[in-house]
Amino acid sequence: MATLLYRLGRGAFRRRRWVTLSWAAVLLGVVLAALSAGEAADDSDSMPGIESQQAFDLINERFPDAEAEGASARIVLVAPDGRKVTATEYRAAIDTLVAEVADGPQVAAVSDPLDASTVSEDATTAYATVTYEATDDNVTDAARKDLTEAVEKARTSGLTVEAGGDAVAGEPPAGIGEFLGIGVAAVVLLITFGSLAAAGLPLITAVVGVALTLASIIALGGAFGMSTATADLAMMIGIAVGVDYALLVVSRYREERAKGNDAREAAGLAVGTAGSAVVFAGLTVVIALAGLSVIGVPSLTKMGLAAAGAVVLAVLITLTLVPALCGFWPDALLARRIRKGTNTRPARRFGKGAPAGRVREAGAWSARWARLVQRRPVPVLLGSVILLGALAVPALDLRLGMPGDEAKPTSTTERRAYDALADGFGPGFNGPLTVVVDARQADDPHAAVAAVSERVAGTDGVVSVSPPRFNAAEDTAVLQAVPATAPTSERTGQLVRTIRAERPAAESATGATFEVTGTTALNIDVARKMTDALVPYLLVVVGLAFLLLLVVFRSVLVPLKAALGFLLSVGASFGVLVTVFQNGHGAGLLGVDETGPIMSTMPLMLVGIVFGLAMDYQVFLVSRMREAVIHGERPAEAVVTGFRHSGRVVTAAAVIMTSVFAGFMTGGETLLKMVGFGLAVAVLFDAFVVRMAFVPAVLVLLGERAWWLPRRLDRLLPRVDVEGEALVRRTAAAPGLVAVPDADRVRA
């Protein structure tokens, strides 16, 4: 592989104009396709294989008009202390509010809280239900503004008036994630390379890759249905890996130039060696992201495949466009001191007249750290394991769910409406359970539904059950059961399981069966599905990645060590997530006003994304160690060599990737904060604790055994030559390859 990529890099450098124009043409074509694409038909809410989804599908089948129902909102009215909302003095204000909202755009109907008897028992709280003609995605800003103005006017009566519901919630405040990530990346790259051209090249290629990815998602959205979250994740991953991969190749290009190779040869060697690491690092990320498909959730499948596509584009751009752009600025990519020929080491460190080929960015600090680990491997290993293990302990209390309005800041009217309803009608009022009764097989459907309703109402933990609503055929009914506990409470989850456990007895007694659904039950079922899928997903992804790393490093223990290190970092990440977002320690620093369960899909997303990115650093760092071993160095010295050449690059890549993920915490949505925070701390733990401490300590302790591979397995595995041994032999056999430094410039 190294020889093939070497030729690809030299060819891209030589035909740099053609390669650059080809990528520009591809980008233009995809952008034009995106501009002409239809609106995406997003079906990201579908969750096949769970009872809640089956019940939703049954409701849509038996109640055809239900699927066409529009968005809704609740206007909550609370009387001042010691007063009642039913008092005569508030009647006129409520009538005016109902009339003004009813005249608003897209409004189909508004219920009068006093006439509809939607008043709490103590008469301190009431609510009006607003039904819209459009779905929540199609409610216009004008309709929302009209509702807001009516609510503001009603507050002058002395009532506390708030509004909640899917029709009220607009787009959360946009963050500056991508801009912050690119800004930090620019600073880090400039510090790392000491050259504006070298710092700008990875940013240019990363932006090209992200633009292609987003345009592709928009172009394909109409056919496959792509959600906003799909584009956000693809952009997040695309920026991170795009910069990291280009950073690795540019760094190797500069290193080869410092050895005396001309620009074209350096580009070929950089792509042949560092490019090989990029290919296999990219493959591990693609395996982890595409592996989300095994879970069977369409939204996760689309997110995983879209992000995997972004990684594939990043790899292709790194192997072709990066060496092509190197051809336009062959010397500008080098540090200024190298271009001026002043790159000599101080005599006190390397002796007088140190050669110019000994570059300053050879990684002195990284090498010093590696030698420290080399001298004290056991304390470093124990310290890293104890630290990550301690941080992982809170993960034992991990609770999964889907935070709703209760997790929004108290500054929002949705959150205040939620709290007012919970205070006036009980904590379970905000999360009723929907029970759909299928009575087609019952002799008397109405009697069967009444019996099921009575059983549900008699279940401990159910406050009330609404009268049944039958379909046109009178063979199916829907009930609303209000729990005594909040939607995210563990007792509510137990209540759902208890009601479902009574199904066989109810079916035997009445001939009718039922299913439990609703937003609360759906969140409970999704959490269970995600928990059950975590272990199979881990086995598939880790198993495939283990085989891939086995081929890359031709070692059994190195891939095993990589997997164990990943488990440590992801466990610590889960622990910190629980500490902040579930237990609330330090939540205020991130702008999180309310804690609750961790998003149901978060563990799988975190495992998939972090595993892929962790293997990036594994390949970047350990491939240079493997290269040193192949070229004759002792294993302990190979660790130092690997850190000298790749430690600084991995550090810079980790800082960039962390800043990209942390930037998405600047958005106003709690779920996006959770995703950004989880990925950021996971990268920090993996790059700076696992790869910089755990990995070298283990390799030093293992010594030559780290690179052990059974002979029979050695004969069976294909040789991919990631370390570029074939290129070393080729250069030794044909020294003319290292030619006149400016030969390519003359030819151009």
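The analysis underlying the following values was restricted to heavy atoms, covering all of them including side chains, and did not include hydrogens, waters or symmetry mates.
For the atom pair CE (Met602) and CG (Leu577), the distance works out to 5.0 Å, reported to the nearest 0.5 Å. Rounded to the nearest 0.5 Å, atoms CG (Leu313) and CG (Leu212) are 5.5 Å apart. Taking CH2 of Trp23 as the reference point, atom CG of Leu27 lies at 9.5 Å (rounded to 0.5 Å). The CG atom of Leu316 lies 12.5 Å from the OG1 atom of Thr205; values are rounded to the nearest 0.5 Å. We find the OG1-CE distance between Thr641 and Met625 to be 9.0 Å, quoted to the nearest 0.5 Å. The CZ atom of Phe685 sits 5.0 Å away from atom CG of Leu391, with the distance rounded to the nearest 0.5 Å.
Formation of a donor-acceptor pair under 3.5 Å by the Ser600 side chain with backbone atoms of Gly401 is found in this model. Side-chain N or O atoms of Gln582 include one that pairs as donor or acceptor with a backbone N or O of Arg399 at under 3.5 Å. Within the 3.5 Å criterion, the main-chain N or O of Ala281 finds a donor-acceptor partner in the side chain of Thr284. Checking side-chain atoms of Ser52 against main-chain N and O of Ala521 turns up a donor-acceptor pair under 3.5 Å.
The nearest pair of heavy atoms linking Leu621 to Gly642 is CD1-O, 4.0 Å. In plain terms, the two heavy atoms of Gly571 and Ala395 that are nearest each other are O-CB, 4.2 Å. The two residues Ile218 and Ala34 make their nearest non-hydrogen contact at CG2-O, 3.6 Å. Closest heavy-atom contact between Ser276 and Gly272: OG-O, 2.6 Å. Across all non-hydrogen atoms, the minimal contact from Met599 to Met674 is N-SD, 3.4 Å. When every heavy atom of Ile598 is checked against every heavy atom of Phe581, the shortest pair comes out as CD1-CB, 3.9 Å.
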Steps toward side-chain contact (heavy atoms from CB on, under 4.5 Å) verdict (Leu388, Val690): CA-CA 9 Å; Leu388 295 177; Val690 173; 3.7 Å; yes
Steps toward side-chain contact (heavy atoms from CB on, under 4.5 Å) verdict (Met605, Leu679): CA-CA 9 Å; Met605 289 176 57; Leu679 293 176; over 6 Å; no
Tyr537/Met530 under side-chain contact (heavy atoms from CB on, under 4.5 Å): CA gap, chis, key distance, verdict: CA-CA 10 Å; Tyr537 174 65; Met530 297 299 104; over 6 Å; no
Test log, rule side-chain contact (heavy atoms from CB on, under 4.5 Å), inputs Leu568 and Leu564: CA-CA 6 Å; Leu568 283 173; Leu564 292 176; 5.9 Å; no
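Within the 4.5 Å cutoff, the side chain of Val610 has no heavy atoms near those of the Val683 side chain. A heavy-atom distance below 4.5 Å is found between the side chains of Thr3 and Arg7. Residues Val622 and Leu549 form no side-chain contact, since every pair of their non-hydrogen atoms from C-beta on lies 4.5 Å or further apart. A 4.5 Å side-chain heavy-atom check between Ile295 and Thr301 finds every atom pair outside the cut-off. At a threshold of 4.5 Å between non-hydrogen side-chain atoms, the residues Thr601 and Met303 do not count as touching. Put simply, the side chain of Val19 does not reach to within 4.5 Å of the side chain of Phe13, judged on heavy atoms. Side chains of Arg252 and Leu269 form no contact here, defined as non-hydrogen atoms less than 4.5 Å apart. Leu538 places a side-chain heavy atom less than 4.5 Å from the side chain of Phe566.
No side-chain donor-acceptor contact under 3.5 Å links Trp708 and Ser555.
With respect to the salt-bridge test (charged N to carboxylate O, under 4.0 angstrom), the residues Arg624 and Glu255 qualify.
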